[in-house]
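What follows is a single structure, written as structure tokens, with notes after it.
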Protein chains: 2
Amino acid sequence: MASPKDPVTEASAQKLRLSKEIVLAGALDLVDTEGLDALTMRRLGQELNCDPMSLYRYAENRAALLDGVSELVFNELEIFPHDPDWKAQLRRIAHDLRLLALRHPNVVPLLVTRPLSTPLGLRPLGTLRPLEQILSLLVDAGFEPTDALHVYRAYYGFLYGHILNELQEFIVDPEENEVLLRLGLHRLPAKDFPRLRALAPVLADYDGAAELDQGLTILLCGLESSLTQSVPSATD
Amino acid sequence: MASPKDPVTEASAQKLRLSKEIVLAGALDLVDTEGLDALTMRRLGQELNCDPMSLYRYAENRAALLDGVSELVFNELEIFPHDPDWKAQLRRIAHDLRLLALRHPNVVPLLVTRPLSTPLGLRPLGTLRPLEQILSLLVDAGFEPTDALHVYRAYYGFLYGHILNELQEFIVDPEENEVLLRLGLHRLPAKDFPRLRALAPVLADYDGAAELDQGLTILLCGLESSLTQSVPSATD
DNA sequence: CGGCTACAGTCTACATTGTAGGGAACCTGC
DNA sequence: GCAGGTTCCCTACAATGTAGACTGTAGCCG
């Protein structure tokens, strides 16, 4: 006869061997569906149905878990570091990263803040790979390495900024069809925030992709001019 | 005779009446000197020497405390929304905000991530004021409100991005004078990260202000051209 | 076959966190 | 002096991360 809690009756309760991949995938899943706060050791254990303590075999810390999740997400980003058309490539990467962020909005705080507490060299390698590859791309395109770094910074800075901006302006309650309410703007004193309130309709239909592209055009334009009229290098 | 713990002997133990300002100032202080994690109710209570529970009279939540700290920092930023020279003003604001971030590096994660979990209309007012004021600035400068919003987004996005970039590249151990080591880059496999490693010296002396200014030039340039050759509005 | 080692997973236990609920102390009007 | 509200403090509880010891199992060597 079956024990009171027959493991078979509990759907998907077959406990297969854990692995770093499984643990991280579970963690990402949990973060995606329930937010960062839901990612506790106990909760994740329950999700993978294993003992919370088992997890420590695959992630030293909770912090390491978070790093792992960041890395996992970054690995979804594909970069072709030898594309001769660097501008097109940067455009594509930007849009890909944007979509990535929209797919994993709850992870974005991680992507943005974890590096702040981890010195560059000690970050998970997956996190640094985009940097390296974009540098490659730019150097191949003819930038001096130093300039490539500067370009990278301008580019990535802009990109991060855009993503943060866009995610910030999520609609609160899509059911509500009065715009002021939908964005919670009705709470703002009309006297102090006339501009903001007046822009409610515009805020409501934010076309992130278009906005990103527009910004990219400005940026890439400026960057290119800095390439063509670059200081004549001694070796060139 | 004195009680075992004479309150007078404990320097600065005079417990003055609490207030929201005092609590928030204490919180900011704690975050600045010891980091975000050090800001716990108990710890803050100990710092202000009062019972941790007292704090709940002035901040509903720990989250509210965090919001308060953000707001406090944002209030350090001064904006003159009616400066006729909008470009100079935007430049100045950018540099001010940068310095603000350098002064309160531990708060930056808050500034960046709190808004992600709070819909626009429900944020602390102090957080929204810069937005409103910059919109004013731009509209006064001749932008259509809608365009002003777009400009604001590009501008603030870039600015946030830059700040994140710059803070990420903090030097780990200034004692160490070998650059690779100082940035922790020695850990990176030389085969996979040639560019990054080669750039170590450049990474090490990062002139944030210059970099910011350079980016601003590109950006403002592009923005201005979008102003002068703006689509001819019907009312103009 | 018997026993040894190594590792995966589990259990228990503890310090630390945010915060509810109930009183104690104090100030302010009469 | 006293009623009523405000401010503060104490206790208590559930949840968290994680250390440390324990159990089971698989593989290997004699």
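Note on naming: letters A, B, ... go to the chains in the order of the sequence lines (proteins, then strands), and numbering restarts at 1 for each one.
Residues A:Asn61 and B:Tyr58 both approach DNA chain D. Their nearest nucleotides, taken by heavy-atom distance, put B:Tyr58 toward the 5′ side. Each of A:Ser54 and B:Arg57 has a nearest nucleotide on DNA chain C; the 5'-most of these lies closest to A:Ser54.
C:dG18 atom C1' lies 17 Å from atom CZ of B:Arg43, rounded to whole Å. In this structure, A:Asp51 places its CG atom 13 Å from C1' of D:dG20, rounding to the nearest Å. In this structure, B:Gln46 atom CD and D:dC9 atom P are separated by 14 Å, rounded to whole Å. Separating the OH atom of B:Tyr56 from the C1' atom of D:dC8 is a distance of 15 Å, rounded to the nearest angstrom. Rounded to whole angstrom, the span from the CG atom of B:Leu66 across to the C1' atom of C:dT17 amounts to 14 Å. In this entry the distance linking CG of B:Leu55 with P of C:dT17 reads 13 Å, nearest Å.
Shown here for B:Leu44 and B:Ala27, the closest heavy-atom pair between the two residues is CD1-N, 3.7 Å. Residues A:Glu78 and A:Arg92 come closest through the heavy atom pair O-NH2, 3.0 Å.
Contact between the side-chain N/O atoms of B:Arg62 and the OP1/OP2 oxygens of C:dG18 is found at a separation under 4.0 Å.
A:Tyr206 carries B:Arg153 over the face of its six-membered ring, with the cationic atom under 6.0 Å from the centre and within 45° of the normal.
Counting heavy atoms of neighbouring residues, nucleotides and ligands inside a 6.0 Å radius, atom CD of A:Glu76 exceeds 12 of them.
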A:Phe80 and A:Leu137: CA distance, side-chain angles, deciding distance, side-chain contact (heavy atoms from CB on, under 4.5 Å) verdict
CA-CA 8 Å; A:Phe80 305 103; A:Leu137 183 70; over 6 Å; no
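Considering only side-chain atoms of A:Arg42, the nucleotide from C:dA13, D:dT7, D:dC9 that sits closest is C:dA13. Which of D:dG17, C:dG9, C:dG21 sits closest to the side chain of B:Met53 comes down to C:dG21.
The stretch residues 24-41 of chain B has no heavy atom under 4.0 Å from DNA chain D, so no residue of it qualifies as close.
With respect to B:Leu100, the side chain to side chain contact (heavy atoms under 4.5 Å, CB included) criterion is satisfied by exactly one of B:Leu102, B:Asp96, B:Leu97: B:Leu97.
Applying the side chain to side chain donor-acceptor pair (under 3.5 Å) rule to pairs touching residues 124-135 of chain A yields nothing, sequence neighbours excluded.
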